[in-house]
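The structure appears below as structure tokens.
Letters A, B, ... mirror the listed sequences (proteins, then strands); counts begin at 1. Keep in mind that what you see is a predicted model, and the values were worked out from it rather than measured.
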Amino acid sequence: MVELSDIEMKEADPSSGLQTAGTTTTTSKDDKKDADTLTLDDIKEQVRTIEKAVNSKEPRFILRVLRGLASTRKRLNEDVIRRLILFYYGSNSSEREILLGFAQSVSQPMDVDMEKTVSSPAPATNEKQSVSRPQTSRARAASLPEVDLYIHLIVLLFLIDRNSLKSALDCAKRLVDKTSVLNRRTLDLLSAKCYFYYARIFELNNMLDSIRPFLHSRLRTATLRNDFEGTAVLINLLLRNYLHYNLYSQAQKLVLKSVFPDHASNNEWARYLYYLGRIRAMQLEYTKAHQHLLTATRKAPQQTAIGFRQNAHKFLITVELLLGDIPDKATFKNPQLKRSLDPYYQLTLAVRAGDLSRFKEVLDTFSERFQQEKTWSLIIRLRHNVIKAGIKMISLSYARISFSDVAQKLQLDSPEDAEYIVAKAIRDGVIEASIDHEQGYVQSREITDVYTTREPMNAFHQRIEFCLKVHNESVKAMRYPPKKYNEDLETAQKVYILWCQQQVTLLMIMLLTTPTLLSAKRHDRRLFFSNHKTTTVATTPDEPSYGNMFSNWLSGFLSKDPNNNDKHSSSLGKLALLKSFLSSSSSSTGNDSKLDKIFEFLSASANDGQNKASSSTSKLNGLLQFFGGQGSTSNNLQLAVKLMNIAQGKGGLSSLNSSDLKALSGFVSG
Amino acid sequence: MMSFAKSCFSAYIIDFTNEDKLKELDGKIEDNEKAFGDSEIRESYLAKSQYLCLIGDREQALTWIRKTADKSVALGHRLDLIFYQLRLGLFYMDQDLIARNLDKAKTLVDEGGDWDRRNRMKVYQGLRAMSIRDFKAAAELFLDTVATFTSYELMDYQTFVTYTVICCLLSLERPKLREKVIRGSEILEILHGLPLIKEYLFSLYECRYADFFRCLATIEQDLLVKDRYLAVHASYYVREMRIIAYNQLLQSYSSLTLKGMAQSFGCSENFLDKELSRFIASGRLNCKIDKVRGIIETTRPDSKNFLYQEVIKKGDLLLNRVQKLSRVINI
């Protein structure tokens, strides 16, 4: 799913739509039109994918479409939106008007030039043409609620990008009402996206608290319907809502009461863990918070989602400092994160040195920034950590040290202070030492071999557990490769050919036993030719009329055969009929040589009845060669088999249908 | 190198002569193209590129060098041109240019460079390694070419020996140091003319730590900070040398007084205390201070625990990467 969560991300990604609006006045109209047409085509492609997804009930396709949403969004502009709406909502005019109204509400404040380029004549004719295209596919598409929802979503994104927040609000409300009407599983992924943007618009309008009850009711519905993606998105939105208003206890309760679905996408998991980490950090559970935030950074996409990763890293660093660990320098060197993490780097240096004065300095310099990023409350707790880090360093380097020295090093007020702090540190397990009160010093204990404790076992156990978990998940996620389908098809074809061979041998036997029918066949032939000349043959390349013509012809032929002797008529006769039909109805410039060749071959094979040695597969192959070398696709194969059957007198002309005829005439005309 | 700098300054003043000279060179090139054969054309291109190098016009110089390279066939000539580009890169500290050209040079030399060029290339490589803080590689490369130094266009022999000593002191262990540097005849020869470096080297080797610290301070102020390659690494270098010195002393003792150590290093106890606590906390020195009694006790480094920490750390890095890969699963 597309990753979008924070203001940083938006700032880093200036709405290129606005930029194109500005530059369209200078660039040529053609360029703009081409880009728009491309965008439009892409969106149409996506709509087709959605249709496919609905038909096949596979959510994968919708996922793919949604993943492309980020790039589609950048290329939207007024023109594309309008054409899109007009294209898909031709029949359903009320919806169209409303959506057009939304789209146009953006253009009013735009400058006059934009209007001019939009109202140029060329797009108008385009729209007309597109309206005159066959209605069936479009109407079918627009009637699908998924497509409706998708297009509405695109309009909403367009409005957000144009910063027209008021109309975006209305648009979002309508959109979300639409999602609540139906209970289709295929709508789940799309409606999850809709909820996300709905909440986003309210956040941009500073009206977040008003949607909380709504989100809760939707969450209940989604959980009941086992809609894992929707549940995940809604839980994340609620958590974001609470954290925005600093309602940590309520957020905690939500987390306790709800179950985050396992199958949600990685991006939702990343968000959830991030919010969870923040809640835990506020509640002083730093170890858990650290785990959550670390997993969140790992689950987030590596190249994109810079804003999210920056924020997650900020909290991660803060929590690490609170735990007493020094974060790795490499995280600060990452070019994407470098600038935003700079104050945290300064902070880390101060904490690492155990230098209280430096720490205070950093706090003063960056206090506003920390407050804005909501890490302030965590950072002021760091003062103790600075001292703790200092004590740790001291206990590492000194076997024994007096309290006055400690106080001096840590810039504390007095040796008694130092003693109290050291005592507390020992109790918290920060250092391993013992205090000798009379003499006034602290003595560190010897470093024991870590292998005599249980620590290695625990550490290794955690890591092994993780590896096994990943292994199990990857085994569960394996899928059959699509290649197998092709292999299956080939075996099916081979079976079919063998069956044909069997049939052909059967009719050889039949042919040999019916020599007396020859005379009847000649009569039929003459009958047919007279019939054929009187019928007028329409030669339009239109498929429906072609099919009509053929069926007319065939029914005419069959009606002349009172005993319905179609199956016993001569193969030669049938071939001749077919040939004459094709030669008269094919629209080529007399490419009859091919036609002749095909039928020669067929007649030869018909007469070749005795020669069973030249197996039917070779005959089939020979016939297939005439089909322009298009290989043994299943359609061609079936056509070839049918022709062979006719040639050998087994099948009837009624076995051919209009598409076969069309294909055959196609081959004949080259 | 200094000629580059000087020429740069002069270029500002004598800008108009540049144009004249360039026109003259262009004229010569045209004549050669019309009348003479390939090698003359190459010579004239080379002259132009050299002049452009001289006046510090980097882009033009690079283009003309490339053109000359197209014309040159002989391996030696091509290598010379690559060395030109390397010098330009080193002058502008353009790491990208240097890296690319070093690779090219290496392939060419492997194909069939003569020994002279091979050695010169080693000097370039060593210089580059030094500029990116890879003192170990730099030391090895410099030591290889000490006997056969011919790259006078880069630096003079004395500077070269200085760099060699500086890199070797940081990266070589005592036995190798003794064999290659203390007993190295070429180095000893030059060191007679460089008393500071000689004192620096021998004071560390002979464990005269007070003198060593004094020399180190002088070297830092006079040499390192002012040197174009080592200025950015000055503080790192000095810190590392201090750690080496402390370790060397502490290796011989199981315990010693803080006072005694401060005396042997010629510095105050407070300073030493600060230094030691800093380095012990970061794990560079293997000892512990007993402040109450004023003693330093050495501890033997514990390899098993250290290995365990390494396993955990590297294992976590690997697991990070596995987790990134496992993102594929849900999609």
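Atom CD of A:Q408 has 12 or fewer heavy atoms from other residues, nucleotides or ligands within 6.0 Å. Surrounding CZ of A:R400 are more than 12 heavy atoms belonging to other residues, nucleotides or ligands, all under 6.0 Å away. For B:F306, the CZ atom is loosely surrounded, since the number of other residues' heavy atoms within 6.0 Å does not exceed 12. Within a 6.0 Å sphere centred on OH of B:Y253, other residues, nucleotides and ligands contribute 12 heavy atoms or fewer.
How far NZ of A:K469 is from CD of B:Q323: 7.0 Å, rounded to the nearest 0.5 Å. Note that the CG atom of B:L317 and the CG atom of A:D328 stand 7.5 Å from one another [nearest 0.5 Å]. Taking OG of A:S397 as the start and NZ of B:K291 as the end, the distance is 10.5 Å to the nearest 0.5 Å. Rounding to the nearest 0.5 Å gives a distance of 4.5 Å between CG of B:L319 and SG of A:C467. Rounding to the nearest 0.5 angstrom, the gap separating the CZ atom in B:R278 from the CG atom in A:L396 is 15.0 Å.
Under the 3.5 Å distance criterion, with hydrogens and angles disregarded, no donor-acceptor pair is assigned to the side chains of B:D290 and A:Y441.
Minimum interatomic distance between A:S395 and B:K288 (heavy atoms only, all atoms of both residues): O-NZ, 3.2 Å. For the residue pair A:A459 and B:Y308, the shortest heavy atom distance occurs at CB-OH, 3.5 Å.
Ranked by heavy-atom pairs under 4.5 Å with chain A, the list B:I296, B:I280, B:I289 is led by B:I289. Put simply, of B:I295, B:L325, B:T299, B:I312, the one with the most heavy-atom pairs under 4.5 Å next to chain A is B:I312.
Between B:V292 and A:Q443, every side-chain heavy-atom pair lies at or beyond the 4.5 Å cut-off.
Contact annotation for A:E455: both backbone and side-chain heavy atoms come within less than 4.5 Å of a heavy atom of chain B. Using a 4.5 Å cut-off between heavy atoms, B:R293 touches chain A through its side chain atoms alone.
Salt-bridge annotation for B:D273 and A:K409: present, with a side-chain N of the basic residue lying under 4.0 Å from a carboxylate O of the acidic one.
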